[in-house]
2 protein chains.
Amino acid sequence: MASAAPAGSRRRGLGRPTIADVAALAGVGAITVSRALRSPELVSETLRRQIDKAVRDLAYVPDLNARALASKRTDVLGVLVPSLSHTVFTDVLRGVYDGVDGTKLQVQVGNTRYDPHEEERLVASFLRHKPAAMIVSGVDQTPAARAMLENAGCPVVQIMDVTDDPIQLCIGFRHDEAGRLMTEHLIAQGYRRIAFISGWMSIRSTGRLRGYRKALADAGLTEPCLTHSLSREELTRLAAMSEPGVPPFLEFSRPSLGREMFRRALASAPDLDAVFCNNDSLALGVLFECLAQGIDVPRDMGVAGFNDLDFTDACSPSLSSVRTHRYRNGYAAVTAVRQLMDGSYEGPNVVDLGVEIAARRSTQRCVGDVA
Amino acid sequence: MASAAPAGSRRRGLGRPTIADVAALAGVGAITVSRALRSPELVSETLRRQIDKAVRDLAYVPDLNARALASKRTDVLGVLVPSLSHTVFTDVLRGVYDGVDGTKLQVQVGNTRYDPHEEERLVASFLRHKPAAMIVSGVDQTPAARAMLENAGCPVVQIMDVTDDPIQLCIGFRHDEAGRLMTEHLIAQGYRRIAFISGWMSIRSTGRLRGYRKALADAGLTEPCLTHSLSREELTRLAAMSEPGVPPFLEFSRPSLGREMFRRALASAPDLDAVFCNNDSLALGVLFECLAQGIDVPRDMGVAGFNDLDFTDACSPSLSSVRTHRYRNGYAAVTAVRQLMDGSYEGPNVVDLGVEIAARRSTQRCVGDVA
DNA sequence: CTGTTAGCGCGTTCAC
DNA sequence: GTGAACGCGCTAACAG
């Protein structure tokens with residue numbers, strides 16, 4: 001018998017047909033089946049036809065684990081993001097998915113949950129599967145994770161931030177510059193007492209804060225009321241209030257938190273005339289709080305968000321924000337990965353996608369300055 | 001040499017240490033290393049110590065593909081969702097991730113993009129990796145996908161909907177009932193001319209619509225203006241307007257679309273007194289449109305959403321919605337999976353998590369009826 | 001263009 | 001408690 005699972009065998013497969021079964025049925029060698037499946041052009045028309053039939057008749061499905069073991073490679077594109085609850089990263093993922101369309105690449109998403117150690121574990125875990133390439137978010141991997149990625153032997157692209165010292169290639173934008181640009185926009189619109197509001201500071205948020213401070217300093221202004229982080233007790237309280245397992249960083253972008261933090265900012269700096277929010281959800285809350293308090297936006301209070309989510313233009317007044325190219329970032333990362341894989345990549349190893357100020361009504365104090 | 005990669009070999013590994021290298025260094029058999037790694041309690045203290053040292057010295061990392069091939073199993077929990085852009089499913093995923101915490105299970109997410117054929121492909125693809133279990137969204141898999149899942153030989157849980165005929169086990173809630181409950185709530189609040197607004201109808205949306213219609217019929221009311229779907233041309237136009245690759249269903253939940261569809265509904269039924277939106281984003285748009293038009297909510301117009309996203313309670317007026325237990329659904333699915341894996345599952349094979357009406361100000365026409 | 005041979009790295013089986 | 005042998009299903013290398 002040519003069957004792969006002789007009855008007397010000490011170990012049997014799951015009963016699923018193997019490549020040997022197909023080969024036997026088609027009357028060819030196993031390797032020919034293998035080739036017919038992966039590079040049909042290398043196999044003669046006749047044999048290919050017989051093989052295809054046998055494959056169909058047996059409902060043969062190649063075992064990817066065996067393939068990976070034998071060939072030492074897979075078509076898995078590992079993508080690590082810090083959160084799946086933030087539009088920011090799901091937008092990136094859409095770009096990634098679109099980028100791999102029509103490709104052999106299989107996307108596999110890992111959620112680091114903003115935990116560097118979880119990221120490290122995931123890097124190790126993904127690398128064990130010998131991925132075709134890796135895309136990781138941010139540029140602040142732990143030394144261990146970085147070392148693993150450097151030795152991964154596959155293309156590695158860092159996204160959503162830039163650094164002078166990428167693991168291999170990084171494509172993203174400068175958060176400090178983004179923060180600076182929006183603050184300068186607010187200043188240009190005549191706002192002077194500008195607060196920065198944030199629930200939780202990721203490494204990237206800190207960059208935006210830096211840019212905000214620089215812009216203020218350059219304009220000779222001071223920070224009226226900087227509420228950039230919640231106390232530990234508040235953090236715990238919020239966590240307790242939420243469904244078990246809801247990570248704090250999600251809570252920290254809630255509109256209701258925006259309302260609360262805006263109230264606080266106003267209490268400690270009653271002469272506030274603008275708020276730069278670390279994300280659009282917080283800004284939405286500020287907008288509603290102004291509405292509830294009868295504060296006129298943009299006349300008495302400028303409100304700006306970050307990320308330019310889909311609701312910014314539907315607000316009333318529409319909400320100014322910082323447009324980051326998240327979809328494009330994901331797409332570009334995959335494009336680069338593919339080029340790195342076939343050796344055709346020729347771009348620089350640091351790519352800055354830039355950001356744009358989406359100036360809308362919520363910061364339009366100077367008439368005629370905004371579309 | 002006992003090394004796994006003799007210099008003269010025709011095929012070499014990647015140079016990475018193998019279990020044989022560890023065994024050689026520790027002076028034991030390969031199998032003992034294998035055991036020490038997976039079931040330390042079966043190996044004597046002394047050997048375990050030597051092995052651990054060797055593992056560390058060589059920075060040995062087990063090859064998961066080889067392990068999977070030899071053992072015919074993995075610790076991968078495959079999770080298929082129709083979208084990563086909707087909070088709905090990312091909430092589910094949080095539940096899933098929290099559920100596997102402290103477990104050997106490795107979550108692997110697949111994005112079907114609301115395409116049954118893509119789902120079918122993904123099912124096939126995931127199953128080839130011999131996952132420990134699968135969690136799939138909805139109950140409307142293609143016959144082929146269903147057949148594959150039935151023969152997968154691993155626990156399979158369907159979520160976010162219920163059916164009398166699950167593949168194996170399904171945990172979710174009834175969308176028709178959800179639609180009915182919210183409509184009844186609106187009726188109880190004195191609204192009579194209630195429109196249902198939706199940009200795009202998924203299978204689950206259709207269920208909600210069914211419930212809405214039933215509630216109206218039961219109350220002897222008619223549908224004033226049902227704008228439940230966009231024309232094909234509009235669909236194309238919207239797609240063209242958006243960034244390449246932005247799937248229509250995303251566009252279809254935009255607040256700006258809510259504004260637009262509300263204007264239309266109002267145009268064809270000026271006596272409209274309430275709007276039940278298929279999701280909260282649309283409802284947010286309706287809220288802003290009312291604000292812009294000077295329509296008093298809830299007095300002159302009741303506005304209800306669906307899903308109860310995080311911004312509903314921060315709106316002004318706060319937005320009524322249907323609370324679905326997405327996080328809990330993900331968590332429960334994993335719990336069930338784990339029990340199915342060790343044979344301890346004893347629940348029914350259809351679990352209805354139910355929904356709740358989150359009654360807030362935007363539908364509070366009858367004073368005192370809402371908290 | 002096709003087949004043969006020899007593994008890929010690990011876990012199962014069975015014996016000690 | 002430990003180890004030797006064998007095989008999981010597939011593909012790289014080389015020969016024809």
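On a predicted model such as this, the values are computed, not experimentally measured, just so you know. Chain identifiers are assigned alphabetically (A, B, ...) following the order of the sequence lines, protein sequences preceding nucleic acid strands; residue numbering begins at 1 within each chain.
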Asker: Taking CZ from B:Arg73 and C1' from C:dC10, how many angstroms apart are they, rounded to a whole number?
Answerer: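 The distance from CZ of B:Arg73 to C1' of C:dC10 comes to 14 Å, rounded to the nearest Å.
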
Asker: Specify the residue among B:Ala68 and A:Thr32 whose closest nucleotide of DNA chain C lies further upstream toward the 5′ end.
Answerer: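 The answer here is A:Thr32.
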
Asker: Please report the distance, rounded to the nearest Å, between CG in B:Asp21 and P in C:dG9.
Answerer: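 My rounded result for the distance is 9 Å.
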
Asker: OP1 or OP2 of D:dT11 less than 4.0 angstrom from a side-chain nitrogen or oxygen of A:Arg38, does that happen here?
Answerer: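 Yes, A:Arg38 has a side-chain N/O under 4.0 Å of OP1/OP2 on D:dT11.
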
Asker: Look at the side chain of B:Gln168 and the backbone N and O of B:Val156, then say whether any donor-acceptor pair between them is shorter than 3.5 Å.
Answerer: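 Checked: pair present.
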
Asker: Atom CD1 of B:Ile19 and atom C1' of C:dC10: how far apart are they, to the nearest Å?
Answerer: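 My rounded result for the distance is 6 Å.
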
Asker: Where the side chain of A:Gln158 meets the backbone of A:Ile167, is there a donor-acceptor pair that is under 3.5 Å apart?
Answerer: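 Checked: pair present.
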
Asker: Should A:Asp63 and B:Lys72 count as an ion pair when the cut-off is N to O under 4.0 Å?
Answerer: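 Judged by the 4.0 Å cut-off on N to carboxylate O distance, A:Asp63 and B:Lys72 do not form a salt bridge.
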
Asker: Which residues in residues 55-63 of chain A have at least one heavy atom lying under 4.0 Å from any atom of DNA chain D?
Answerer: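 Under 4.0 Å from DNA chain D: A:Tyr60, A:Pro62, A:Asp63.
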
Asker: Just how far, in rounded Å, is P of C:dC8 from CG of A:Leu69?
Answerer: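 Atom-to-atom, A:Leu69 to C:dC8, this comes out as 9 Å.
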
Asker: Take the protein atom CD1 of B:Ile51 and the nucleotide atom C1' of D:dT2, then report the distance between them rounded to whole Å.
Answerer: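 Taking atom C1' of D:dT2 as the reference, CD1 of B:Ile51 is at 10 Å.
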
Asker: Is it true that B:Ser34 and B:Arg38 share a donor-acceptor pair across their side chains at a distance under 3.5 Å?
Answerer: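 B:Arg38 vs B:Ser34: donor-acceptor pair found between side chains.
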
Asker: Looking at D:dG7, C:dT2, D:dG9, which one has an atom nearest to any side-chain atom of B:Ala70?
Answerer: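 Given the options D:dG7, C:dT2, D:dG9, the side chain of B:Ala70 is closest to D:dG7.
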
Asker: If you take atom types as modelled and just measure distance, does the side chain of A:Arg35 reach the base of C:dG3 with a donor-acceptor pair under 3.5 Å?
Answerer: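 Result: at least one qualifying N/O pair found.
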
Asker: Verify the contact: side-chain N or O of A:Ser34 to OP1 or OP2 of D:dC10, cut-off strictly under 4.0 Å; return yes or no.
Answerer: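 No, no such contact exists.
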
Asker: Does this structure show an ion pair linking B:Asp52 with B:Arg49, if we count only N-O contacts that are shorter than 4.0 Å?
Answerer: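 Salt bridge flag = no for B:Arg49 with B:Asp52.
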
Asker: Is any side-chain nitrogen or oxygen of A:Lys72 closer than 4.0 Å to OP1 or OP2 of D:dA12?
Answerer: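 A:Lys72 to D:dA12 OP1/OP2: no side-chain N or O under 4.0 Å.
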
Asker: Does a salt bridge link A:Asp98 with B:Arg113, judged by any charged N lying under 4.0 Å from a carboxylate O?
Answerer: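 Salt bridge: yes.
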
Asker: Rounded to the Å, how far apart are A:Lys130 NZ and C:dC10 P?
Answerer: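 That distance rounds to 8 Å.
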
Asker: Tell me the interatomic distance from B:Leu42, atom CG, to D:dT2, atom P, rounded to whole angstroms.
Answerer: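 Those two atoms, CG and P, are 9 Å apart.
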
Asker: Can you figure out which of C:dG9, D:dT2, C:dT2 approaches the side chain of A:Ser44 most closely?
Answerer: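 For the A:Ser44 side chain, the nearest candidate turns out to be C:dT2.
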
Asker: Once you round it to whole Å, what is the distance between P of D:dT11 and CG of A:Asn65?
Answerer: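 Nearest whole value for this atom pair: 12 Å.
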
Asker: Return yes if some donor-acceptor pair links the side-chain N/O of A:Asn329 with the main-chain N/O of A:Ile171 below 3.5 Å, else return no.
Answerer: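 Present.
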
Asker: I want to verify a distance call: between D:dC8, D:dA12, C:dG11, whose nearest atom is closest to the A:Ile31 side chain?
Answerer: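 It is D:dA12.
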
